[in-house]
Amino acid sequence: MNESYVTLQGWVGNDVDVRDVGDTKCASFRLGCTPRWRKGDTWVDGHTSWFTVNCWRSLGRNVAESVKRGDAVVVHGRVRVDVWEREGQPPSVTWIVDAAFVGHDLNRGTSAFVKTPRGATVVDPIQDESVKEVLHGYDADGPRLNSDGEEVEPAA
């Protein structure tokens with residue numbers, strides 16, 4: 001199968017959106033790429049191209065925690081085009097990149113790397129005895145309540 005890969009440098013145009021897709025998570029953001037070239041003694045900006053970047057699984061989790069609107073990033077991944085039509089209007093085209101790698105563009109600023117622990121597990125709070133006691137425990141000397149939350153006399 002022939003797939004096209006691209007490497008893009010640009011600016012994150014919105015806050016990262018995380019959504020559930022089946023059993024996995026996907027983080028998405030819009031990436032604006034504006035070409036620049038020198039014309040005489042000045043720099044000229046071209047037209048900005050916008051891409052939707054999808055980041056799956058652990059990449060998505062890390063992107064959601066690391067990337068913010070306005071960050072300069074470099075993205076590498078598979079590119080595809082979605083064409084959709086609305087009645088009475090010309091077709092619209094959306095460029096989508098399924099990212100394999102995302103990183104801050106260190107030509108534009110600095111970044112600090114924190115490695116994600118391998119095999120990190122999420123602790124189930126219900127397994128913690130102190131939490132279990134708070135959630136499921138009761139004070140034997142406390143008031144007795146009916147299903148409406150009204151106090152009732154203790155059984156004799």
Side-chain angles (χ1 to χ4, degrees), residues 1-138 147 149:
M1 179 194 269
N2 294 328
E3 297 182 38
S4 298
Y5 283 82
V6 294
T7 301
L8 303 168
Q9 182 280 325
W11 301 89
V12 177
N14 65 314
D15 293 327
V16 177
D17 174 49
V18 180
R19 66 188 188 282
D20 290 320
V21 180
D23 293 339
T24 189
K25 293 200 181 291
C26 179
S28 298
F29 61 92
R30 297 282 287 161
L31 180 69
C33 302
T34 306
R36 292 185 62 141
W37 60 89
R38 194 145 173 95
K39 189 173 186 179
D41 292 337
T42 61
W43 285 95
V44 178
D45 288 339
H47 293 287
T48 301
S49 297
W50 288 96
F51 300 85
T52 298
V53 178
N54 291 327
C55 307
W56 297 89
R57 297 172 195 77
S58 62
L59 176 61
R61 285 191 300 275
N62 292 337
V63 163
E65 291 182 20
S66 304
V67 174
K68 306 291 181 246
R69 180 182 188 173
D71 286 356
V73 295
V74 177
V75 174
H76 178 78
R78 287 188 318 262
V79 66
R80 61 187 166 90
V81 177
D82 278 354
V83 179
W84 43 281
E85 296 183 20
R86 290 178 284 186
E87 196 171 312
Q89 303 227 351
S92 294
V93 175
T94 302
W95 289 85
I96 298 172
V97 177
D98 289 321
F101 308 103
V102 175
H104 285 110
D105 183 357
L106 298 181
N107 283 314
R108 308 276 186 233
T110 62
S111 184
F113 180 77
V114 177
K115 188 174 182 178
T116 303
R118 190 171 204 181
T121 59
V122 177
V123 176
D124 182 3
I126 301 301
Q127 299 303 319
D128 183 2
E129 290 302 318
S130 62
V131 174
K132 232 185 235 186
E133 184 179 325
V134 169
L135 292 176
H136 302 293
Y138 65 94
S147 60

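The first residue in the sequence is number 1, and the count goes up from there. Basis for what follows: all heavy atoms, side chains included, without hydrogens, waters or symmetry-related copies.
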- Query: What is the distance from atom CG of N62 to atom NZ of K115, rounded to the nearest 0.5 Å?
  - Reply: 12.0 Å
- Residues in salt bridge (Lys or Arg N to Asp or Glu O under 4.0 Å) contact with D20, at least two apart in sequence or another chain: K25
- Message: Using the side-chain contact (heavy atoms from CB on, under 4.5 Å) criterion, which residues pair with C26? Sequence neighbours excluded.
- Response: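 Checked C26 against side-chain contact (heavy atoms from CB on, under 4.5 Å); matches are R19, V21, S28, N54, W56.
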- Query: Residues two or more places apart in sequence or in another chain: which of them pass side-chain contact (heavy atoms from CB on, under 4.5 Å) with T48?
  - Reply: T34, W50
Which atoms form the tightest heavy-atom contact between [X] and [Y], and what is the distance?
X   : Y    : value
A64 : V16  : CA-CG1, 4.0 Å
V75 : A99  : CG1-CB, 4.1 Å
F29 : C55  : CE2-SG, 4.1 Å
L59 : F101 : CD2-N, 4.3 Å

- Query: Quick one: side chain to side chain donor-acceptor pair (under 3.5 Å) partners of T42, sequence neighbours excluded?
  - Reply: none
- With sequence neighbours left out, which residue pairs that include part of residues 8-18 fulfil the side-chain hydrogen bond (donor to acceptor under 3.5 Å, both in side chains) condition?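 Residue pairs passing side-chain hydrogen bond (donor to acceptor under 3.5 Å, both in side chains), neighbours aside: Q9-D105.
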- Message: I need the full list of side-chain hydrogen bond (donor to acceptor under 3.5 Å, both in side chains) pairs touching residues 67-83, with sequence neighbours left out, sorted by first then second residue.
- Response: E3-R78, T7-H76, D71-H104, R80-D82, R80-D98
